[in-house]
J.: 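Below is the structure I would like to discuss, written out as structure tokens.
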2 protein chains.
Amino acid sequence: MLCGRGLLAVLRRRRGDGVSGGIRRILRHEKGNGERAVLTRNDRTKIAILRAIHELVSPAGASKVGERLEAMGISLHQRTIRYYLMQLDNEGLTRLVSRRRGRELTERGAEEASQVDAVDKIGIVSAKIDAAVYRMSYSLTTGAGKVIINRSLIDPADIRRALDEMRTVFANAYAVASRLSVAKPGEQMGSERVPDGSLAIGTICSVTLNGIFQKEGIPVRSRFGGLLEIRDRRPTRFVEMIEYRGSTLDPLETFIRADMTSVREVVRRGNGIICASFREIPAVALEHARQVERAMRARGISGVMAMGRPNQPLFDVPVSEGYAGVVVMGGLNPIAALREAGIPATVHSLADIVAFDSLLPVNEVLRRWPLPE
Amino acid sequence: MLCGRGLLAVLRRRRGDGVSGGIRRILRHEKGNGERAVLTRNDRTKIAILRAIHELVSPAGASKVGERLEAMGISLHQRTIRYYLMQLDNEGLTRLVSRRRGRELTERGAEEASQVDAVDKIGIVSAKIDAAVYRMSYSLTTGAGKVIINRSLIDPADIRRALDEMRTVFANAYAVASRLSVAKPGEQMGSERVPDGSLAIGTICSVTLNGIFQKEGIPVRSRFGGLLEIRDRRPTRFVEMIEYRGSTLDPLETFIRADMTSVREVVRRGNGIICASFREIPAVALEHARQVERAMRARGISGVMAMGRPNQPLFDVPVSEGYAGVVVMGGLNPIAALREAGIPATVHSLADIVAFDSLLPVNEVLRRWPLPE
DNA sequence: TGACTATACGGCCATATTGCCGTATTCACC
DNA sequence: GGTGAATACGGCAATATGGCCGTATAGTCA
């Protein structure tokens, strides 16, 4: 209390600006005193770079490192990265292999890099997305390969009702593709066994689209997952959003678990809230992306809802300079509908990687579990 | 990290370096071509400054602007702000009133500033937090004033069970303070009328703590809301987290709606998951903050769970340079327990501002709704 | 009124980042 | 073994940001 006012002043001027000589001296003194060395922002950047190299298979140049960093949510220009790499070289943490191949970590560098902190341990979604994209292999040319799926578990007794609900969502193209897979208790779906007493439903995850674009050479940034308001069957605006970078949970999964959607209303009356994801692609790649999108559509993958124009906001959401916005359907929309219908379901997004062929068109699935009359 | 900028994060374009001459030329060409001028990162910063001045009642200097910006998630030093202010002066968007009073917006400036985009329209939680903090008025000295509450609605028939559940949570101090308010249908709670057929329960929101510290001159940054694992009654680690800056929803509210907590288990057996929030305070204010914390405790406000050391990670979560971490209880933990017990409840966090006196100690509330034997 | 204090400005300089570009090293392919 | 493309490096200069400090202004108070 007594120091209230004084301290207030100190805090406000924490940065030194306008602080009178006396206090400044005290601050300096404290600083130079007992405290041990502390990471400066600069050091943190360097550590991030070390980690990036660590994750890549050694020798790497600034551009590769840059891509990793970007994925980690740190934007630095290549020149800047080289600037730090030079410093790291001097500190003996990295070493220039050759002018063509770039740098590798020294032993000490590898050591530094493997210190992880909590946030990394828990894992930000964007990192999981990157990992999944890296592992998938679906190719537009062949129409085959592995795709990323979400897995949901329901009670086997509910399957017919569930399919009935999902069918309408697929029919209105509020999902990534009209395909799904259903696995019975004990069967295998992807790398996991379906637990007893449950049916597993696999739906294509919208992150698969990132992978497809990626394969065509178009890098995609996942910005945020959101709830998109639909009016008269047209997307209108985002009503809620959570950044992928700032979350350890998939936002869309969270929205669905919190029962915040109204996909059924959208299907029935054309008004309501669905899950959608906002992404960005480089403006230069826009034309190419449109072609890819057409090709996807021809393959029955219709998850791209809208593509914006260079540097122009899309649904009022501003995009980064040099990029264009892309809005894609949430792969979990069918599952959302099912929960809205009161059918209990646990949701797990980005769950696994499976062959595209193992997912069947809704109609075929319906043939196996015909709807009650 | 480089100064974060929330959803509007200025994501920089990777361009130029490493791109072969051909593409670089294309980029340049497009740029000079038909497209209209585009915001550079620099401009975005300026717009943020314009907005900050707009929100403050005109004439303001760099330090006031800085505080607003900080609250908006943009960290800039005062000197830097002045640097931009000079440019804005030249562009005719701001005007120097007097060397003591700072700047005000010109007409053109005010115009620029009032252009809002989607993200602002929806509203990031951190902005809501700031607004609430600004409006509250509780004073530690007097023990009175207005505090921020969360409002939850339940079925009146459930009230006794609900109180029974909440009581244990309060008893174990997993909430901000052992007080709550209950309002019947038709009664007024804060600024809103309780809807027919529901009881409203008001619990103190943890953001109130920000306000208390603020009042003592200690600025508090809300970093993220998370799920905190408790083992043997001791906080252990965060298992999920969502940044306040990257979300339009209160993360804790979302976790609770998604039924991801196990507060009852924590109360009963000492192991489980509760809601908690991670915040940062300037390292220089740490000692003062401890005093304030003791004073709060003396007033029955015990929501501060842990305070870290300068620049040191807390529960493995790294803090910004020059700051210390603070973990506070989620004000909604009692409500989480109630939902876990199967009592339906809708949750609305940061709902309102009410007089501290209007919240009663649990025991008194229990006297009005005695538990069944 | 005159001393003192709080708040703000802007000059000067250091550091951090980025832009532009010429050069080095490999690789794939003639 | 020569050529062109791709990838990487680092020098040099321009911006952006932050630190330090002297000065200007407007209240407060004896």
Side-chain angles (χ1 to χ4, degrees), chain A residues 5-6 8-10 12-25 27-28 31 40-46 49 53 59-67 69 74-90 94-104 321, chain B residues 2-3 10 12-25 27-28 31 40-46 49 53 56 59-67 69 74-90 94-104 321-322:
Chain A
R5 222 180 137 76
L8 173 80
V10 173
R12 193 156 301 140
R13 278 100 166 268
R14 178 160 47 82
R15 304 264 173 63
D17 199 326
V19 177
S20 70
I23 294 183
R24 194 181 302 135
R25 227 167 299 123
L27 281 173
R28 230 196 325 252
K31 190 89 177 233
T40 67
R41 160 175 154 206
N42 186 316
D43 288 336
R44 291 199 190 192
T45 310
K46 289 192 202 167
I49 292 177
I53 304 182
S63 83
K64 298 250 180 59
V65 172
E67 283 174 28
L69 287 178
I74 299 177
S75 298
L76 286 180
H77 285 234
Q78 300 186 5
R79 187 63 189 80
T80 311
I81 294 170
R82 282 200 292 275
Y83 169 73
Y84 283 118
L85 282 172
M86 270 195 292
Q87 295 185 15
L88 289 168
D89 279 351
N90 292 335
T94 55
R95 173 174 40 228
L96 181 57
V97 179
S98 91
R99 194 137 175 199
R100 166 73 193 270
R101 306 176 58 205
R103 261 96 170 183
E104 66 181 6
E321 188 193 341
Chain B
L2 336 170
C3 26
V10 179
R12 294 151 205 183
R13 156 155 57 150
R14 32 176 144 194
R15 156 191 54 182
D17 202 332
V19 178
S20 71
I23 294 185
R24 196 183 299 143
R25 226 167 301 122
L27 280 172
R28 237 201 315 260
K31 190 93 178 232
T40 66
R41 159 173 153 212
N42 186 316
D43 289 334
R44 293 201 188 192
T45 310
K46 288 191 200 166
I49 291 178
I53 302 182
L56 298 160
S63 84
K64 299 251 180 58
V65 172
E67 283 175 28
L69 288 179
I74 299 177
S75 298
L76 285 180
H77 286 234
Q78 300 185 6
R79 188 63 191 80
T80 310
I81 294 170
R82 282 199 291 276
Y83 169 73
Y84 285 117
L85 283 172
M86 270 194 294
Q87 296 184 14
L88 289 167
D89 279 351
N90 292 336
T94 56
R95 172 174 42 228
L96 181 57
V97 179
S98 91
R99 192 132 179 210
R100 165 75 191 272
R101 307 176 59 203
R103 260 93 171 186
E104 66 181 8
E321 187 193 344

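Proteins come first, then strands; the chains are lettered A, B, ... in the order of their sequence lines, and each starts at number 1.
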J.: Taking only side-chain nitrogens and oxygens of A:Ser98, does any of them come within less than 4.0 Å of OP1 or OP2 of C:dT25?
T.: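 Result: no.
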J.: Return the CD to OG distance between B:Glu104 and B:Ser98, rounded to the nearest 0.5 Å.
T.: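 Between B:Glu104 CD and B:Ser98 OG, I get 10.0 Å after rounding to 0.5 Å.
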J.: Under 4.0 Å between a side-chain N or O of A:Arg100 and OP1 or OP2 of D:dA5?
T.: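 Indeed not, no polar side-chain atom of A:Arg100 lies that close.
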J.: Examine C:dT18: is either OP1 or OP2 under 4.0 Å from a nitrogen or oxygen in the side chain of A:Tyr83? Give yes or no.
T.: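 Answer no for this pair, as no side-chain N or O of A:Tyr83 is under 4.0 Å from OP1 or OP2.
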J.: Between C:dA16 atom C1' and A:Met86 atom CE, what is the distance in whole Å?
T.: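 For the pair A:Met86 CE and C:dA16 C1', the rounded distance is 13 Å.
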J.: Given atom CG of A:Leu88 and atom P of D:dG10, what is their separation to the nearest angstrom?
T.: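 The answer, rounded to whole Å, is 12 Å.
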J.: Of the candidate nucleotides D:dA8, C:dT18, C:dG10, which contains the atom at the shortest distance from the side chain of B:Arg82?
T.: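 Nearest to the side chain of B:Arg82 among the choices is C:dG10.
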J.: Once you round it to whole Å, what is the distance between C1' of C:dT7 and CD of B:Glu104?
T.: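 Distance check: B:Glu104 CD to C:dT7 C1' gives 17 Å.
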J.: So that I can tick it off, tell me whether B:Asp89 and B:Arg103 are bridged by a salt bridge, with the cut-off set at under 4.0 angstrom between side-chain N and carboxylate O.
T.: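 Answer for the salt bridge query: yes.
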J.: Nearest 0.5 Å, what's the CD-NZ distance between B:Gln78 and B:Lys64?
T.: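 If I round to the nearest 0.5 Å, the distance is 11.0 Å.
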J.: To the nearest Å, give me how far apart CD (B:Gln78) and P (D:dC20) are.
T.: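 Rounded to whole Å, this separation is 13 Å.
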J.: If you measure from CG on A:Leu88 to CD1 on A:Ile81, what distance do you get to the nearest 0.5 Å?
T.: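 That separation rounds to 11.0 Å.
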J.: If you assign each of B:Leu96 and A:Ile81 to its closest nucleotide in DNA chain C, which residue comes earlier from the 5' end?
T.: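 With B:Leu96 and A:Ile81 compared, the 5'-side residue is B:Leu96.
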J.: What is the distance, rounded to the nearest whole Å, between atom CG of A:Leu69 and atom P of C:dT18?
T.: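 Atom CG in A:Leu69 sits about 11 Å away from atom P in C:dT18.
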J.: Measure the spacing between CG of B:Leu76 and CG of B:Leu69 and express it to the nearest 0.5 Å.
T.: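 The CG atom of B:Leu69 is 6.0 Å from CG of B:Leu76, to the nearest 0.5 Å.
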J.: To the nearest Å, give me how far apart CZ (B:Arg103) and P (C:dT7) are.
T.: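 That distance rounds to 17 Å.
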J.: Should B:Ser63 be listed as having a side-chain N or O under 4.0 Å from OP1 or OP2 of C:dA8?
T.: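 Checking C:dA8 against B:Ser63, a side-chain N or O does come within under 4.0 Å of OP1 or OP2.
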J.: When you measure only distances, ignoring hydrogens and angles, does the side chain of A:Arg79 come within 3.5 Å of the base of D:dG11 through a donor and an acceptor?
T.: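 Indeed, a donor on one side and an acceptor on the other fall under 3.5 Å apart.
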J.: To the nearest angstrom, how far is B:Glu67 atom CD from C:dT7 atom C1'?
T.: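 Computing the B:Glu67:CD to C:dT7:C1' distance gives 12 Å.
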J.: Using atom CG of B:Leu85 as one end and atom P of D:dG18 as the other, report the distance to the nearest whole Å.
T.: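 It works out to 14 Å between those atoms.
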